[in-house]
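Right, one structure below, let's go through it.
In what follows, chains are A, B, ... by sequence order, proteins preceding strands, each numbered from 1.
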Number of protein chains: 2
Amino acid sequence: MERNKRNGRVTIRDVAREAGVSQSTVSHFLNHTASLSPETKQRIREAIKKLHYRPHLVARNFKKRRTASLGLFIPDITNLFYAELSRGVADAAREKGYSVILYSTSYQREMEKSFIELVEQGQVDGVVVSYSLIEDSLWNRLFDCGVPLVLVDIYPFTSRYPSVVMDNEKGMEMAIDYLHGLGHTEIAYLGEPPYVLTLVKRQRSFLASMQKRGFSVKEKWVLVEERTQLNRVEIGFSLGKRLLQNQSLPTAVVASSDLVAIGAMKAFLSAGMKIPEDISVVGFDDILLASYFHPSLTTIRQPKYEMGKMGVEFLLRLVEGESAFQNAILEPLLVERNSCRRLQ
Amino acid sequence: MERNKRNGRVTIRDVAREAGVSQSTVSHFLNHTASLSPETKQRIREAIKKLHYRPHLVARNFKKRRTASLGLFIPDITNLFYAELSRGVADAAREKGYSVILYSTSYQREMEKSFIELVEQGQVDGVVVSYSLIEDSLWNRLFDCGVPLVLVDIYPFTSRYPSVVMDNEKGMEMAIDYLHGLGHTEIAYLGEPPYVLTLVKRQRSFLASMQKRGFSVKEKWVLVEERTQLNRVEIGFSLGKRLLQNQSLPTAVVASSDLVAIGAMKAFLSAGMKIPEDISVVGFDDILLASYFHPSLTTIRQPKYEMGKMGVEFLLRLVEGESAFQNAILEPLLVERNSCRRLQ
DNA sequence: GTGAAAGCGCTAACAA
DNA sequence: TTGTTAGCGCTTTCAC
């Protein structure tokens with residue numbers, strides 16, 4: 001970078017001086033906000049080139065009272081579900097000229113707090129929230145600071161914000177339906193910590209769907225981890241092992257997510273069981289890699305990338321001044337692979 | 001957020017007025033940069049509370065000529081290698097008071113360019129680069145704009161910057177050594193596009209290590225994909241299938257990364273082969289989930305999280321004015337699982 | 001202990 | 001078509 005005498009950065013002033021015009025003329029040139037004479041333009045162009053001038057983005061946005069960036073609240077970027085969602089968010093944001101600041105909390109209170117503070121201090125123009133704040137008071141701080149918000153994969157527990165979710169009840173019902181169609185009636189549920197309503201709904205819908213069909217649900221077959229911070233795959237593994245401690249086993253298992261399903265499959269295989277011969281498994285999400293496990297995982301697909309993308313679209317409408325907003329509910333899709341067998 | 005009359009945001013001015021002191025006194029209060037009388041402090045505290053004042057981070061940093069954020073250049077956040085690395089970067093950054101802006105390019109020129117422009121325009125104080133810019137001229141723009149840089153998982157092709165890499169040659173040699181120890185001499189290499197030196201080194205080291213041991217390398221057993229943008233797992237799958245078209249097959253396969261290995265395993269299993277009975281597989285990276293595939297993947301571990309973390313540490317020294325810098329080379333570790341068998 | 005004033009790099013009325 | 005001026009919200013001398 002070229003440096004000017006004073007402090008380093010080449011500013012619009014330096015360009016103006018070099019070109020023999022005023023600051024505002026250079027600004028007009030940069031923003032095409034006035035028509036300038038060809039000669040002036042040329043002089044400015046040369047000055048810019050000579051000094052290697054680049055407008056200072058932050059100053060520019062500061063003046064315009066915006067940051068052109070969005071915050072992305074997620075619990076864990078190494079969870080493929082969130083990674084795929086993030087990609088949708090990042091792509092949509094970039095397309096509209098916004099940057100994405102990563103607020104990935106590792107499910108930790110401290111991190112939540114520190115990110116919320118950044119939001120309160122105006123670091124971003126809007127926030128995509130795919131995460132349930134553990135500490136309730138932080139939600140209030142987020143709401144109170146008046147920053148535009150969109151809830152993605154989080155149910156709109158308050159109706160003040162746009163949101164994008166998949167129909168989780170329906171997704172879970174499709175899973176049960178599918179297993180039912182294959183002749184299964186003895187089905188277990190393995191769940192990660194239901195710390196978001198999304199997960200609560202899956203669990204409830206599991207129970208409701210089972211009941212609706214007259215299938216009994218053994219308490220010991222509904223295993224839900226409590227400790228929020230654990231790795232999802234490890235949760236699945238440990239729940240899988242716990243399930244195997246039962247006297248009688250179900251013929252099929254539905255997991256709260258693919259990661260849990262994968263962990264559970266590992267537990268089953270490690271115990272010498274065969275999938276789907278000895279037990280069928282259905283996941284939830286359809287993460288990348290789901291089809292690469294052995295056996296490939298039958299699962300309920302969530303349109304993660306699209307959810308992220310749509311979330312940003314909804315958010316930016318708010319950011320750019322619209323007051324109306326939408327709450328989208330997307331459709332689940334069952335992806336049949338090789339982790340389930342037909343009984344008999 | 002409380003609003004003042006003029007434009008919305010409550011500023012330090014409003015607080016000063018409310019408390020009956022000057023702006024600078026409030027500033028001193030906020031920054032503990034002068035000792036104030038208890039009464040003044042109290043009045044300011046009350047005013048802040050009453051108005052729900054939050055200092056404006058951007059203005060603050062602008063004044064201080066910094067952004068307190070770092071850019072993270074990666075090709076794909078849904079590639080678990082980069083997701084894990086990103087976590088290290090994010091954690092270290094947060095710990096030091098910096099935010100992370102995601103520059104994930106999807107291996108696309110356009111994206112590269114648009115991110116480089118943001119860097120040139122001063123969006124960040126420093127950049128973690130774990131990505132080889134496809135377009136050479138963009139590297140120059142990055143270098144020329146004088147922003148502090150650290151290269152992570154990228155070899156320092158110029159010696160002007162700090163860097164963190166694992167010893168890729170050694171890692172690959174360990175893989176061959178390991179297979180050798182198990183009695184393998186017929187080994188194939190499946191490689192993703194060697195668009196970074198890191199990958200080139202793995203490939204070269206594969207050839208060198210084979211040669212050193214007097215193992216012949218069949219040309220048809222060294223398969224390397226060219227198309228940069230393809231998904232790594234799919235690359236592995238297609239290379240695996242291509243390998244199977246050979247008349248004679250190797251007894252073992254080394255992949256350029258775990259994702260490629262996983263794809264290849266899928267191809268082998270789909271063709272009715274058993275792993276490791278019919279063919280042994282060694283991966284590279286040890287991504288999360290590597291132990292959950294079937295069979296679990298023997299691989300060379302890269303300390304991804306630590307690399308990200310260390311990268312940020314190196315970078316921040318530069319950002320904070322130090323001129324000396326380090327180039328760290330980390331040690332690989334072979335993680336033995338179940339994807340390889342002893343011959344005989 | 002407190003405040004006046006200048007200025008970070010830029011945009012945007014408004015004037016000329 | 002070009003320039004003057006007044007800030008955006010804050011920090012930071014430097015004086016009192």
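- Between the NE2 atom of B:H56 and the C1' atom of D:dG7 there is a distance of 14 Å, rounded to whole Å.
- To the nearest angstrom, C1' of C:dC10 lies 17 Å from CZ of A:R54.
- For D:dG7, the base has a donor-acceptor partner in the side chain of A:K63 [N/O atoms by modelled type, under 3.5 angstrom].
- Under 4.0 angstrom from either OP1 or OP2 of C:dG3 there lies at least one side-chain N or O belonging to B:S22.
- Residue pairs satisfying the salt bridge (Lys or Arg N to Asp or Glu O under 4.0 Å) criterion with at least one member in residues 312-322 of chain B, sequence neighbours excluded, are absent.
- At whole-Å resolution of the value, CD in B:Q23 and P in C:dG1 are 22 Å apart.
- Residues of residues 29-40 of chain A having a heavy atom closer than 4.0 Å to DNA chain D, listed by number: A:A34, A:S35, A:L36, A:S37, A:T40.
- Considering B:K50, B:Q42, B:R43, B:K49 in turn, B:Q42 is the only one that fulfils the side chain to side chain donor-acceptor pair (under 3.5 Å) rule with B:E46.
- Remark: P of D:dT11 and CG of B:L57 are 10 Å apart, rounded to the nearest angstrom.
- In the set D:dT11, D:dC10, C:dA12, D:dT11 carries the atom at the smallest distance from any side-chain atom of B:K64.
- With D:dG9, C:dC10, C:dA13 as the choices, the nucleotide that has an atom nearest any side-chain atom of A:P55 turns out to be C:dC10.
- Atom CD1 in A:I12 sits roughly 13 Å away from atom C1' in D:dG3 (whole-Å rounding).
- Aromatic pair B:Y82/B:Y131: ring centres not closer than 6.0 Å.
- Map B:K41 and A:F62 each onto its nearest nucleotide of DNA chain C; the residue landing nearer the 5' end is B:K41.
- Going from atom CG of B:D14 over to atom P of D:dC8 covers 10 Å, rounded to whole Å.
- As rounded to whole Å, 12 Å separates atom C1' of C:dC8 from atom CZ of A:R9.
- Side-chain contact check for B:D153 and B:S130: no donor-acceptor pair (N or O, by modelled atom type) lies under 3.5 Å.
- Ring centroid separation for the pair B:F314 and B:Y161 does not come in under the 6.0 Å cut-off.
- Here the P atom of nucleotide D:dG9 and the CG atom of A:N61 are 14 Å apart, to the nearest Å.
- Other residues, nucleotides and ligands place more than 12 heavy atoms under 6.0 Å from the CD atom of B:Q229.
- Taking side-chain N and O atoms only, A:R60 has a distance below 4.0 Å to OP1 or OP2 of C:dT11.
- Each of C:dG9, D:dG3, C:dC8 was ranked by its minimum atom distance to the side chain of A:T25; first place goes to D:dG3.
- Among the protein residues, A:V21 comes within range of the sugar-phosphate backbone only, with heavy atoms under 4.0 Å from sugar or phosphate atoms but none that close to a base.
- For residues 28-48 of chain A, the set of pairs meeting the ring-ring contact (aromatic ring centres under 6.0 Å, His included) definition, not counting sequence neighbours, is empty.
- With hydrogens and angles ignored, no donor-acceptor pair closer than 3.5 Å exists between the side chain of B:S27 and the base of D:dT12.
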